[in-house]
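Report on one structure; see the data block that follows.
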Amino acid sequence: IAQIDPMEYLSLYDLLTPEELEVRKAVEAFVQKEVAPKINDYVEAAQFPTEIVNAVKPLKLFHHFLNKPYGHGTSYTKQGVILMEAARADAGFATFIAVQNLLLNYTLEKFGNATQKQKYLTKTRDVEYIGGWGLTERGYGSDASSLTANVKKVQGGYILNGDKRWIGNGNKDVLIVWARNLDTNKVEGFIVETKWPGYHAEVIQGKLALRIVQNCQITFTNIFIPDENKLESVTDFQNGPNQVLMHSRVIVPWIALGVMRGVYEHSLKWTTSRKQFGKYLASFQLQQERLVRILSTFQASFLMVLRLSRLAAEGKATIGMISSVKAWVTDKTREVARLGREMLGGDGIISDNYVIKALTDAEVLYTYEGTYDINSLVAGREITGIGAFK
Ligand code: FAD
């Protein structure tokens with residue numbers, strides 16, 4: 001029975017450049033060989049997939065997320081297709097890549113000086129160091145700009161105190177910390193090494209989505225940060241973490257596309273190989289409607305996300321456009337995941353069949369990088385001129 005590639009079906013590959021096509025194909029080959037067959041053992045154990053991450057190193061995959069001279073040269077779409085392919089196997093694996101690159105490495109590239117880039121970015125790019133990006137706190141999620149982690153200037157550096165919550169890779173090597181300077185009341189950025197005294201990270205337990213991502217509750221107790229680890233070009237929340245989020249929110253919806261595509265593939269495969277009432281499940285009208293709805297939702301979302309990525313590359317994507325696409329596409333991913341789950345019946349709750357992971361992981365895509373509500377309100381503010389929050 002034919003297995004239609006949802007990208008080929010509407011000639012969506014034709015919309016990608018030769019370089020984007022080449023990178024996508026290489027990542028697809030790696031992911032299908034090295035990630036898809038192995039990742040679910042880590043998912044079930046909620047463990048970081050060290051073996052798989054080590055296999056990424058020789059590919060120099062993370063060089064694709066950076067401009068020259070630190071990387072191969074990059075674009076929103078190139079980064080997007082890498083994440084889409086990773087998410088076809090596991091949205092947690094894609095999220096690990098996103099945290100390391102869209103958040104940590106992008107911050108170092110954008111706000112770091114030459115010495116900081118040499119010391120940290122060359123290592124985080126080559127996966128010698130793994131790290132995270134700490135904005136959210138226990139008391140400040142959606143209202144992130146009110147954060148209370150703080151630094152006080154002392155001789156030769158700063159003293160950091162406070163907490164961070166939900167921080168992916170927060171128990172690895174290095175962390176970007178966004179903290180309020182008690183002297184100026186402005187949000188500033190710092191590169192913190194997790195081995196420094198006063199750093200304490202606990203992996204959040206009981207997390208039933210993005211299982212392989214090690215999300216941490218972190219406390220900082222009188223950590224001394226030397227002057228040279230301050231991101232000097234950050235001036236405040238707007239010209240700091242907000243710039244990073246404007247960038248990452250363009251690319252994160254590609255993870256959602258990967259999840260939709262993964263659901264489509266697993267649902268199609270299942271319904272064209274399992275029989276009930278003497279016929280393939282795919283021969284029943286209800287199942288065909290669901291398959292077509294998943295296919296079309298993926299394609300519509302792809303076109304929207306690609307358009308946003310191209311506009312962002314031209315400097316024409318506004319904050320409202322970015323937020324509305326992120327909100328809409330991640331909302332649709334929840335719907336697609338639920339449809340796929342239904343189509344597999346009882347086997348739809350087994351991790352190897354993907355769709356149950358898609359269902360729970362979609363809940364995080366909907367929530368992180370700004371919740372559906374907050375992104376809708378950001379877009380709503382832009383199209384009405386009326387702020388409905390804050
Ligand atoms: P809250 O802000 O408490 O919101 C709860 C509910 O209230 C939501 O539905 C929200 O939409 C709604 N709400 C809040 N304010 C309003 C309003 N004004 N109007 C209408 N509705 C409103 N953060 C990092 O810094 N680094 C990370 O690496 C990171 N990784 C994450 C990974 C995971 C798995 C998760 C779950 C989160 C991660 N986050 C990370 C944090 C994430 O960005 C926050 O969870 C998110 O911003 C929402 O904050 P909150 O969870 O505190 O929810």
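All ligand and atom numbering here is 1-based and tracks the order in the structure.
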Give yes if a backbone or side-chain nitrogen or oxygen of [X] is under 3.5 Å from a nitrogen or oxygen of ligand 1, and no if not.
X: Val364; answer: no
X: Asp143; answer: no
X: Ser142; answer: yes
X: Arg165; answer: no
X: Leu377; answer: no
X: Trp166; answer: yes
X: Tyr140; answer: no

Where the closest heavy atom to [atom] is concerned, which of [options] has it?
atom: atom 43 (O) of ligand 1; options: Leu245, Val177, Thr136, Ile167; answer: Thr136
atom: atom 21 (N) of ligand 1; options: Leu147, Asn375, Asp373, Leu175; answer: Asp373
atom: atom 11 (O) of ligand 1; options: Ile204, Thr371, Ile374; answer: Thr371

Checklist line | Nearest non-hydrogen protein atom, atom 28 (O) of ligand 1 | finding: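 Atom 28 (O) of ligand 1 sits closest to the protein heavy atom Gly168 N, 3.1 Å.
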
Check: Looking at atom 46 (C) of ligand 1, what's its closest protein heavy atom, distance included?
Finding: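 That would be Thr367 O, 3.7 Å.
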
Item checked: Linked, directly or transitively: Tyr129 and Ile52 (ILVMFWY side chains, under 4.5 Å) ->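 No, because Tyr129 and Ile52 fall into different hydrophobic clusters, even though each may have its own neighbours under 4.5 Å.
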
Notebook entry, point to check: Are Leu12 and Met304 connected in a single hydrophobic cluster, I mean Ile/Leu/Val/Met/Phe/Trp/Tyr linked by side-chain heavy atoms less than 4.5 Å apart?
Noted result: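 Yes, same cluster.
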
Notebook entry, point to check: What closest approach, in Å, do Glu128 and Asp173 show between heavy atoms, and which atom pair accounts for it?
Noted result: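 In terms of heavy atoms, the two residues are closest at O-OD2, 4.0 Å.
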
Next item on the list: Would you name the heavy atoms of Leu160 and Ala179 that are closest together and state the gap between them?
Entry: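 The pair with the smallest heavy-atom distance is CD1-CB, 3.9 Å.
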
Atoms of ligand 1 close to [X] [distance to a heavy atom under 4.0 angstrom, numbered from 1]:
X: Phe389; result: 18 (N)
X: Trp133; result: 24 (C), 25 (O), 26 (N), 27 (C), 28 (O)
X: Leu135; result: 25 (O)

Check: Ring centres of Tyr264 and Phe298 under 6.0 Å apart?
Finding: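 Centroid distance Tyr264-Phe298: not below 6.0 Å, so no.
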
Next item on the list: Check the pair Phe96, Phe48 against ring pair (Phe, Tyr, Trp, His ring centres under 6.0 Å), reporting the backbone distance first and the verdict last.
Entry: CA-CA 9 Å; Phe96 155 70; Phe48 185 73; 5.3 Å; yes

Margin query: Can you see whether Tyr366 has Arg334 sitting over its ring - NZ or CZ less than 6.0 Å from the centre and within 45° of the normal?
Written below: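 Relative to the ring axis of Tyr366, which defines the angle, Arg334 lies inside both limits.
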
Note to self: Is it the case that the side chain of Arg249 and the backbone of Glu369 share a donor-acceptor pair, with hydrogens and angles ignored and the cut-off at 3.5 Å?
What the structure shows: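 Present.
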
Notebook entry, point to check: Is at least one protein non-hydrogen atom found at under 4.0 angstrom from atom 1 (P) of ligand 1?
Noted result: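 Flag for atom 1 (P) of ligand 1 set to true, protein heavy atom closer than 4.0 Å.
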
